[in-house]
Amino acid sequence: MLDKLLATVTPAVIERVLLLVNHVIAAEPAAGDRQRTHIGRCIRLQVDGWPKLLPPWPPLLLRITPAGLFEWLGAPGDELAGPAPAADLLIEI
């Protein structure tokens with residue numbers, strides 16, 4: 001039951017967080033300019049050492065768009081997301 005709820009809520013939370021991050025980047029022209037030098041590159045964000053009481057944090061795969069913003073490439077194993085491209089940068093938190 002909890003797994004179904006998490007599978008529904010997690011993508012919505014990720015999309016909202018990325019919307020906020022992209023809003024901040026779009027508000028600062030210098031940030032967008034720096035991002036545009038990396039168009040098409042992928043970043044994998046992985047959280048290690050997450051508390052066991054909380055649900056596991058899924059690894060995120062993000063691509064930098066031509067506008068200099070982040071695009072979420074979908075959840076791992078999501079058939080709509082297609083095959084995951086290789087990450088150009090791995091960030092472990």
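On a predicted model such as this, the values are computed, not experimentally measured, just so you know.
The salt bridge (charged side-chain N to carboxylate O under 4.0 Å, His left out) search around E15 returns none, not counting sequence neighbours. Taking D33 as the reference, R36 meet the salt bridge (charged side-chain N to carboxylate O under 4.0 Å, His left out) condition, with sequence neighbours excluded.
Across all non-hydrogen atoms, the minimal contact from A86 to C42 is O-CB, 3.8 Å. For the residue pair L69 and A26, the shortest heavy atom distance occurs at CD2-N, 4.2 Å. Scanning all heavy atoms of the two residues, the minimum distance from Q35 to G68 falls at CB-O, 3.1 Å. Listed here is the closest heavy atom pair of I25 and A31: O-CB, 4.1 Å. Among all heavy-atom pairs drawn from D88 and R41, the shortest one is OD2-CA, 3.1 Å. Shown here for F70 and I43, the closest heavy-atom pair between the two residues is CE2-CD1, 3.6 Å.
Grouping the Ile, Leu, Val, Met, Phe, Trp and Tyr side chains by contacts below 4.5 angstrom, directly or via other members, places L90 apart from L73.
Side chains of T65 and R63 form no contact here, defined as non-hydrogen atoms less than 4.5 Å apart. The closest side-chain heavy-atom distance from V17 to L19 is not below 4.5 Å. Contact check for L45 versus P59: no side-chain heavy atoms found under the 4.5 Å cut-off.
The ring-ring contact (aromatic ring centres under 6.0 Å, His included) pairs that include a residue from residues 2-25 number zero, where partners must be two or more places apart or lie in different chains.
Summarising the geometry, atom CD1 belonging to I93 is positioned 10.0 Å from atom CD belonging to Q46; distances are rounded to the nearest 0.5 Å. Note that CG of L18 and CG of L62 are 5.5 Å apart. Values are rounded to the nearest 0.5 Å. Note: L61 CG to W72 CH2 = 10.5 Å, rounded to the nearest 0.5 Å.
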